[in-house]
Amino acid sequence: MKQVTSEIVHKALEKLKPVWGLDIIMPDIEIEIPRNESLGDITTTVAMSLTRTLKKPPGKIAEELLQEINQLGGPFEKVEIAGPGFINFRFKKQYLYERVKTLLTEGHSSLSSNPGQGRKIQIEFVSANPTGPLHIGHGRGAAMGSALSNLLRAAGFDVEREYYINDAGLQVKLLGQSVYARYQQLLGNEVPFPEDGYKGAYIGSISKELIEKSGDKYLKLSFEECGDFFTDNAYKMLLADISKDLKDFGVEFDRWQSEKALYEKNRVEESLNELREKGFIYEKDGAKWFRSSDFGDEKDRVVVKKDGEYTYFAPDIAYHKDKLDRGFDTIIDIWGADHHGYVPRIRSVLEAFGLAKEKFRVMLIQMVSLLRHGEPVQMSKRAGKFITLREVIDEVGSDTAKFIFLTRKADSHLDFDLEVAKEESSENPVFYVQYAFARISSIFRRAEERGVRSPKTGVKIEDLTVLKEDEEMSLIKKLLQYPLVIEGAAHAFEPHRVTYYLQDLAKLFHSYYNKHRVLSDDNALTRGRLCLCRAVQIVLKEGLKLLGVSAPKKM
RNA sequence: GCGCCUGUAGCUCAGUUGGAUAGAGCAACUGCCUUCUAAGCAGUGGGUCAGGGGUUCGAAUCCCUUCAGGCGCGCCA
């Protein structure tokens with residue numbers, strides 16, 4: 001729908017260029033879906049965006065364009081000017097039927113253009129420290145990252161999704177110390193618990209498991225003597241839990257990158273050396289600094305401390321250098337918004353290594369406030385008191401949780417009320433969309449019982465021309481908007497657009513279902529309507545798949 | 001003190017990158033099941049787009065400013 005229109009408008013502009021003056025800079029042709037269906041099927045604002053350069057009223061420009069467009073023809077029933085200078089297009093029914101036929105015979109991808117063109121994108125998300133279970137904030141990041149990857153893939157990008165494991169450094173060591181202390185305590189050796197240690201109940205569980213596994217072998221040994229045993233086992237067990245939680249949440253990764261491995265392969269030292277050779281590292285006050293302020297960061301950052309230890313920043317330099325070396329066109333990091341202050345320094349690193357500014361994008365996910373009956377649920381990681389993602393999944397379900405995460409844009413704060421998510425389950429938007437899918441599935445089951453063949457292959461235009469009701473035309477147009485939605489959502493990094501689109505589509509279907517019967521004595525009409533149902537089903541299924549939400553055949 | 005995010009209907013949120021009369025879901029009210037799933041449909045009411053300036057053909061959207069909430073500003077990770 002978009003392409004045909006865009007091409008025609010483009011041709012019209014080319015024809016008018018000599019009239020207007022050849023040096024006129026043409027704006028991008030913006031093709032949009034009109035706010036109101038009665039205005040038209042598709043619209044362009046190009047006449048209005050030309051007012052400034054042409055110094056003419058938008059209505060006048062639109063008229064000139066309209067003349068050219070009418071001469072060029074195209075699959076339009078009507079093209080008209082409305083409002084301040086919109087050019088509104090209404091398609092011929094025949095064209096719409098053809099597009100639906102393509103959708104049915106070739107699938108949803110047949111409608112999309114391919115803005116990604118196979119370019120490689122790396123997208124890193126969740127990357128929670130393996131020092132405790134995932135919480136609800138990670139869940140939001142996971143849902144977003146997963147949906148965004150799917151979206152970019154649907155838009156034709158070659159996407160790799162990665163989880164970065166912070167398995168080196170002080171935090172995992174602290175984890176090891178915490179588990180060590182509980183281990184000793186459980187065996188009657190009252191050693192002090194580390195001051196900033198992890199206090200969650202899961203620490204005790206890990207200690208218990210280690211006792212079952214290795215008995216009191218490490219009793220009375222100091223942490224210096226046996227710390228690796230506790231550290232390694234603890235983070236590996238937690239990582240296994242994290243991995244399982246994500247999998248149960250329906251989120252999978254192509255690659256798990258270990259921080260430790262970067263050290264072992266000497267990548268940290270190498271990357272710092274490279275920066276030094278490029279002149280971006282200097283010494284001051286006994287420490288080594290990276291010149292991030294050269295790239296817009298507010299100040300330079302320490303990479304090697306006075307005591308010779310790396311800062312946490314150093315392995316992140318190595319990690320992002322490693323991403324670059326793997327040959328991605330674009331690198332995306334998804335972080336919690338509490339890390340936003342970290343963006344300029346990582347961007348600086350990538351620029352120092354030669355990546356163009358716009359090839360690195362950070363998607364910041366705002367905080368989630370967990371509520372119950374409108375009252376905040378107290379969360380304290382330090383005290384080990386928090387609701388885990390696992391508990392949320394068990395209480396409200398994966399589909400519901402994801403849908404809620406994906407109905408908000410990333411940079412708005414989210415109130416997640418456990419009771420609302422649960423209690424409203426029958427009125428929950430996710431079920432509304434799934435229900436439309438289940439209803440269609442049910443129609444097909446009934447059709448089969450009656451011996452009506454379901455349209456799968458060999459759909460002809462004549463099968464579709466029986467579709468004439470207003471509700472049918474609305475549904476068809478909505479279906480054909482799908483690629484536009486995907487394109488826009490992928491471009492803007494906004495999975496929530498898909499969520500809203502699916503609700504709109506489901507609404508149109510439910511309304512249609514209530515007003516018109518699909519299965520009737522009229523064979524031709526029945527077949528046509530089954531075709532439409534199939535088309536709706538294809539798009540619903542694909543959309544839900546992008547969001548990582550299931551499409552049940554029965555509810 | 002500085003930086004980032006947010007402020008839209010009673011509640012939770014959209015608003016197609018500056019466009020047409022600002023929308024949806026919940027909540028409230030009124031109708032609709034002997035017919036393909038009522039987890040549904042049809043309808044009604046509900047707004048100083050936080051406040052104030054500015055930019056222009058046109059602003060919820062961009063700029064300035066005030067207010068409110070959240071987050072961040074370490075040779076911590």
Side-chain angles (χ1 to χ4, degrees), chain A residues 30-36 39 43 45 48-49 51-52 56-59 82-86 88 129 131 166 169-172 174 196 284-289 298-299 301-307 309-313 316 336-344 364 366-367 369 374 404 407-417 420 424-432 434-436 438-447 449-450 481 484-485 488-489 491-492 494 496-497 499-501 503-504 506-507 509-520 526 529-530 533 554-555:
Chain A
E30 283 159 22
I31 305 287
E32 294 173 16
I33 306 299
R35 170 180 309 252
N36 193 322
L39 296 163
T43 189
T45 56
M48 289 180 283
S49 15
T51 46
R52 214 149 299 167
K56 278 194 218 182
F86 292 92
N88 294 333
N129 283 348
T131 53
N166 289 97
L170 287 179
Q171 291 307 311
V172 280
L174 192 56
D196 292 322
K284 193 181 88 182
D285 304 334
K288 288 176 181 155
W289 300 69
E298 56 187 17
K299 59 182 193 177
R301 307 289 174 178
V302 172
V303 289
V304 181
K305 292 187 270 184
K306 208 188 288 177
D307 62 8
E309 294 281 316
Y310 291 117
T311 62
Y312 61 96
F313 183 36
D316 279 342
D338 51 343
H339 291 87
H340 74 263
Y342 202 59
V343 176
L364 294 170
Q366 280 298 334
M367 306 286 99
S369 312
I404 289 171
T407 327
R408 275 101 175 147
K409 56 185 174 197
D411 51 12
S412 58
H413 305 261
L414 166 57
D415 285 341
F416 192 106
D417 194 311
V420 172
E424 287 183 0
S425 64
S426 60
E427 302 283 349
N428 203 304
V430 67
F431 297 111
Y432 184 81
Q434 289 178 320
Y435 188 54
R439 264 185 161 171
I440 296 173
S441 305
S442 172
I443 293 172
F444 282 117
R445 282 195 295 274
R446 282 305 189 100
E449 282 167 24
R450 294 189 188 188
Q481 285 170 15
L484 252 154
V485 173
H491 181 256
E494 290 181 348
H496 74 271
R497 294 196 197 184
T499 316
Y500 279 88
Y501 169 82
Q503 291 184 68
D504 289 348
K507 188 180 183 66
F509 178 76
H510 285 309
S511 176
Y512 173 57
Y513 178 92
N514 247 263
K515 197 163 172 189
H516 305 285
R517 282 192 63 85
V518 174
L519 304 174
S520 68
T526 298
R529 290 183 170 172
L530 282 174
C533 285
K554 277 185 188 171
M555 286 177 75

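Heavy-atom basis, side chains included; hydrogens, waters and symmetry copies ignored. This structure is a prediction, so every number in the text was calculated from the model and none was measured. Chain A is the first sequence line, chain B the second, and so forth, proteins listed ahead of strands; every chain is numbered from 1.
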Go ahead and name the base partner of B/A22; Watson-Crick or wobble counts if both distances stay under 3.5 Å, otherwise write none. none
Taking only side-chain nitrogens and oxygens of A/Lys409, does any of them come within less than 4.0 Å of OP1 or OP2 of B/C5? no
For A/Ser511, report the nucleic acid contact type (base, sugar-phosphate, nothing); a contact means any heavy atom under 4.0 Å. sugar-phosphate
Is B/U37 paired to anything, Watson-Crick or G-U wobble with both distances less than 3.5 Å, and if yes, which nucleotide? none
Between A/His516 and A/Tyr512, how do the two ring planes meet: parallel, tilted or perpendicular, split at 30° and 60°? tilted
Which whole-number value in Å describes the distance from A/Asp504 CG to B/G23 P? 13 Å
Per the O4'-C1'-N9-C4 / O4'-C1'-N1-C2 angle with a 90° window around 0, B/C33 comes out syn
Quick one: the side chain of A/His339 and the base of B/G72, do they pair up donor-acceptor inside 3.5 Å? no
When the P atoms of B/U16 and B/C33 are considered, how many whole Å apart are they? 40 Å
Determine, for A/Tyr513 and A/Arg439, whether the Lys NZ or Arg CZ falls below 6.0 Å from the six-membered ring centre while staying within 45 degrees of the axis. yes
Distance-only donor-acceptor test (3.5 Å): side chain A/Tyr435, base B/A39: no
Separation between the C1' atoms of B/U65 and B/U21, rounded to whole Å: 31 Å
Would one find a side-chain N or O of A/Thr43 under 4.0 angstrom from OP1 or OP2 of B/U16? no
Please measure how far the C1' atom in B/C11 lies from the corresponding atom in B/G47, and state the result in whole Å. 15 Å
Pairwise P distance, B/G70 and B/C26 [rounded to whole Å]: 30 Å
Take the protein atom OH of A/Tyr432 and the nucleotide atom P of B/A39, then report the distance between them rounded to whole Å. 13 Å
Considering only the P atoms, how many Å lie between B/U6 and B/G15, rounded to the nearest integer? 11 Å
Re B/A14: Watson-Crick or G-U wobble partner, both distances kept under 3.5 Å, found to be none
What is the distance from NE2 of A/His491 to P of B/U16, rounded to the nearest Å? 14 Å
Need one value for A/Asp307: base, sugar-phosphate or nothing, where a base atom within 4.0 Å counts as base even if backbone is also close, heavy atoms only. nothing
Taking only the side-chain nitrogens and oxygens of A/Arg439, find out if one of them lies under 4.0 Å from OP1 or OP2 of B/A39. no
Nearest-Å distance for atom pair CZ/C1', residues A/Arg408 and B/C5: 16 Å
Glycosidic torsion of B/U6 (syn if within 90° of 0, anti otherwise) classifies it as anti
Side chain A/His496 and base B/C13 donor-acceptor under 3.5 Å: no
Within the structure shown, what part of the strands sits under 4.0 Å from A/Leu519 by heavy-atom distance: base, sugar-phosphate, or nothing? base
From CD of A/Glu298 across to C1' of B/C73 the rounded distance in Å is 6 Å
P atoms of B/C36 and B/U8, separation to the nearest Å: 43 Å
Mind checking if A/His510 touches a base, just sugar-phosphate, or nothing, with heavy atoms under 4.0 Å? sugar-phosphate
Is A/Asn88 touching bases, backbone alone, or none of the nucleic acid, heavy atoms closer than 4.0 Å? base
Quick one: label A/Lys284 by what it contacts on the DNA or RNA (base, sugar-phosphate, nothing), any heavy atom closer than 4.0 Å. base
Considering Watson-Crick and G-U wobble pairs with both distances under 3.5 Å, what does B/C62 pair with? B/G54
Using a 4.0 Å heavy-atom cut-off across all strands, classify A/Lys507 as base, sugar-phosphate, or nothing. sugar-phosphate
Base-pairing assignment for B/G7 (Watson-Crick or G-U wobble, both under 3.5 Å): B/C67
In whole angstrom, give me the gap between the C1' atoms of B/G25 and B/A9. 12 Å
Paired with B/C73: which nucleotide, if any, by Watson-Crick or G-U wobble criteria at under 3.5 Å for both distances? B/G1
With respect to the phosphate group of B/C76, does any side-chain polar atom (N or O) of A/Lys305 fall under 4.0 Å of OP1 or OP2? yes
When the distance from OH of A/Tyr500 to P of B/C26 is rounded to whole Å, what number comes out? 13 Å
Figure out the CZ/P separation between A/Arg35 and B/A24, and round it to whole Å. 12 Å
Could you identify the nucleotide paired to B/G47, looking across every strand shown and requiring Watson-Crick or G-U wobble geometry with both distances under 3.5 Å? none
Rounded to the Å, how far apart are A/Tyr513 OH and B/U37 P? 5 Å
Using the C1' atom on both, measure B/G40 against B/G7 and round to a whole Å. 35 Å
